[in-house]
Asks: 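Below are the structure tokens for one structure; questions will follow.
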Amino acid sequence: MMNILKLTEANIGKVIRVRRAPDKAAEGVAARIVNDVRKGGDRALLAWTKKLDGAELDRGEIWVSRGELRAARRAASADLIRALEHAAKNIRRVAERQKPQPWKLSVESGVHVAQIVRPLRRIGCYVPGGRFSLLSTLLMTVIPAQVAGVPEIVVASPRPNAALLAAADFLGVSRLARVGGAQAIAAFAYGTESIPRVNKIFGPGNRYVTAAKRLISSDCAIDRLAGPTELLIVSARGNPRYIAADLLAQAEHDPDAVALLVTPSRKLAVAVRAEVLAQLDQLPKNNPAWRSIQDHGAILMASGMSAAIRFANEFAPEHLSLPDGDEDLIEKINSAGSVFLGNFSAQPLGDYATGTNHVLPTAGWAAVEGGLSTADFMKCFTVQKISREGFAALAPTVKTLAGAEGLLAHARAIEVRE
């Protein structure tokens with residue numbers, strides 16, 4: 001468990017291939033569920049909810065009532081409400097800073113262009129539930145949507161607990177469906193008698209949720225394929241106790257979570273492995289970290305920090321931790337969902353309360369995209385206004401280019417105005 005391996009090309013290839021391999025089993029199950037809900041609506045949605053989540057609901061019980069939401073908030077502890085207020089304040093501040101802005105520009109005399117920014121009309125937020133109801137994901141998806149000005153926000157979560165319901169009421173969420181899994185994704189994408197079809201789906205999930213998002217992505221927009229979480233720590237002199245705790249914190253999200261340390265220090269590798277095993281022994285045997293560390297945890301020995309950073313960029317991790325705190329290393333990083341710099345930049349701080357979004361690219365997608373932001377809940381389009389003077393200046397250029405492409409009607413649309 002938590003083997004120490006050399007950072008060789010063979011081991012690198014194995015790690016990356018396993019993580020990026022198509023999940024045919026999950027896709028097969030998800031395809032059946034998606035097709036069933038697409039055709040059967042509420043009937044299929046409720047049947048799969050009973051089968052997979054053990055929740056026997058009728059149509060009138062799909063939505064959590066406003067009374068239940070209010071009651072959960074009233075019953076919540078003062079500590080929970082204060083924590084929600086603190087985290088929400090920071091998330092909102094970052095979301096406001098990320099918000100795309102409209103602008104106007106005079107490109108040249110008589111040629112004026114502008115960018116218009118509008119929110120999406122209706123979005124669906126998927127919040128993982130079941131063993132853990134991730135109220136933090138509710139904050140991370142709903143708050144940017146609110147900052148963007150999205151008028152309709154619909155949430156789905158299987159077996160939402162009291163804390164999640166309290167958080168929903170705190171945020172002003174009034175439409176929370178107690179359904180989850182691939183069936184909830186299908187309901188968002190195609191609509192049912194009870195669940196409205198949305199313009200875009202947000203939020204992470206397990207392998208079946210991710211497979212369902214992939215399947216419906218040609219019919220409904222999705223934020224990203226945020227599958228099981230992953231953490232890569234690169235360190236030569238970090239605190240073994242802190243590093244082990246961070247690895248286990250991410251590992252307990254999901255049995256398929258990936259937790260890796262890359263280090264040039266044999267001494268650190270041995271110390272971290274011992275700490276992981278000691279701290280793991282303090283967790284309940286049913287904690288997903290046991291399975292995750294066994295199946296997807298490893299310590300990779302690099303020839304030096306340069307080799308470790310090269311691997312980090314190739315791996316493109318969802319979470320990249322640099323506990324040694326060397327700020328110059330940031331200049332060498334080009335692929336990561338979110339970077340945690342320094343000994344006290346624990347990943348759970350970003351999961352909950354620094355304000356940055358914890359919905360991040362996994363499975364190598366950090367090579368081409370970043371984490372969820374307010375911009376994902378908005379659309380930008382351009383407006384152009386050309387005066388007679390501007391038309392005269394552009395006409396010769398456009399006719400020449402249109403002629404070079406052989407698009408005669410394009411050129412004629414200019415000529416008829418001359």
Side-chain angles (χ1 to χ4, degrees), residues 19-20 22-23 26-38 45 48 95 98 100 118-129 134 136-148 150-158 175-177 179-192 195-230 254 256 316 318 337-338 357-380:
R19 187 179 60 147
R20 297 179 182 175
D23 193 340
E27 289 181 3
V29 173
R32 181 183 171 193
I33 296 171
V34 167
N35 290 333
D36 201 11
V37 173
R38 185 177 188 177
L45 174 65
W48 283 108
Q98 293 174 330
R118 295 284 187 267
L120 301 181
R121 183 174 60 84
R122 180 191 294 141
I123 60 106
C125 298
Y126 182 80
V127 179
L134 299 185
S136 56
T137 297
L138 186 75
L139 300 176
M140 296 290 179
T141 52
V142 169
I143 291 175
Q146 292 174 335
V147 170
V150 176
E152 292 186 60
I153 301 172
V154 187
V155 179
S157 183
R175 306 183 77 186
L176 195 163
V179 295
Q183 61 269 29
I185 299 302
F188 274 156
Y190 303 110
T192 71
I195 307 291
R197 183 172 185 170
V198 303
N199 302 124
K200 192 172 183 180
I201 301 170
F202 296 84
N206 62 19
R207 53 197 290 236
Y208 301 103
V209 168
T210 302
K213 288 175 74 174
R214 187 191 305 275
L215 289 168
I216 60 87
S217 60
S218 60
D219 297 314
C220 179
I222 62 172
D223 54 349
R224 54 194 30 79
L225 295 171
T229 191
E230 54 196 33
D254 191 288
D256 293 322
E318 178 190 19
S338 190
N357 210 289
H358 80 196
V359 180
L360 300 167
T362 62
W365 285 102
V368 294
E369 65 183 11
L372 192 67
S373 80
T374 310
D376 292 302
F377 297 85
M378 309 186 80
K379 53 189 176 184
C380 301

Asks: Please check this pair: side chain of Asp254 against backbone of Thr229, looking for a donor-acceptor N/O pair closer than 3.5 Å.
Replies: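 Flag not set: sc Asp254 to bb Thr229 has no pair under 3.5 Å.
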Asks: For a 4.5 angstrom cut-off between non-hydrogen side-chain atoms, does Val359 reach Phe202?
Replies: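 No, every pair of side-chain atoms sits at 4.5 Å or beyond.
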Asks: For Arg197 and Ala189, indicate whether the former's side chain and the latter's backbone hold a donor-acceptor pair under 3.5 Å.
Replies: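 A pair under 3.5 Å: yes.
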Asks: Under the side-chain contact (heavy atoms from CB on, under 4.5 Å) rule, what do Ile185 and Tyr208 come out as? Steps first, then yes or no, please.
Replies: CA-CA 10 Å; Ile185 299 302; Tyr208 301 103; over 6 Å; no
Asks: Judged by atom type as modelled, is there a donor-acceptor pair below 3.5 Å linking the side chain of Glu318 to the main-chain atoms of Gly337?
Replies: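 Checked: no pair found.
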Asks: Heavy-atom count around Arg214 CZ within 6.0 Å, excluding the residue itself: above 12?
Replies: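 Result for CZ/Arg214: open.
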Asks: Take Tyr190 and Ile216 through the side-chain contact (heavy atoms from CB on, under 4.5 Å) test and state the conclusion after the steps.
Replies: CA-CA 9 Å; Tyr190 303 110; Ile216 60 87; 3.5 Å; yes
Asks: Would you say Pro144 and Asp376 make side-chain contact, with heavy atoms under 4.5 Å?
Replies: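 A side-chain contact is absent here, since even the closest heavy-atom pair is not under 4.5 Å.
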Asks: Less than 4.5 Å apart, any side-chain heavy atom of Arg38 and any of Asp219?
Replies: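 Yes; the side chains approach each other to less than 4.5 Å.
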Asks: Would you check if Arg207 and Asp256 make a side-chain contact, meaning some heavy-atom pair closer than 4.5 Å?
Replies: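 When only atoms from C-beta onward are counted, Asp256 and Arg207 do touch, with a gap below 4.5 Å.
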Asks: Check whether any side-chain heavy atom of Tyr126 lies under 4.5 Å from a side-chain heavy atom of Thr141, and answer yes or no.
Replies: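 Of all side-chain heavy-atom pairs linking Thr141 with Tyr126, none is under 4.5 Å.
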Asks: Are the side chains of Pro196 and Glu152 in touch, meaning some heavy atoms are under 4.5 Å apart?
Replies: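 Pro196 vs Glu152: side chains apart.
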Asks: Search all heavy atoms of Leu225 against all heavy atoms of Thr362 and return the closest pair with its distance.
Replies: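 Heavy atoms only, the tightest pair is O-OG1, 3.3 Å.
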Asks: Decide yes or no on side-chain contact (heavy atoms from CB on, under 4.5 Å) for Val209 and Lys213, but give the supporting numbers first.
Replies: CA-CA 6 Å; Val209 168; Lys213 288 175 74 174; 4.2 Å; yes
Asks: Any idea which heavy atoms bring Ala366 and Ala316 closest together, and the distance?
Replies: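 Here Ala366 and Ala316 meet closest at CB-O, 3.5 Å.
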Asks: Given the rule in the side-chain contact (heavy atoms from CB on, under 4.5 Å) test, do Val127 and Leu138 qualify, once you have shown the distances and angles that lead to the verdict?
Replies: CA-CA 6 Å; Val127 179; Leu138 186 75; 3.9 Å; yes
Asks: Spell out, as yes or no, whether a donor-acceptor pair under 3.5 Å connects the side chain of Thr210 to the backbone of Pro204.
Replies: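 Judged by distance alone, no pair lies under 3.5 Å.
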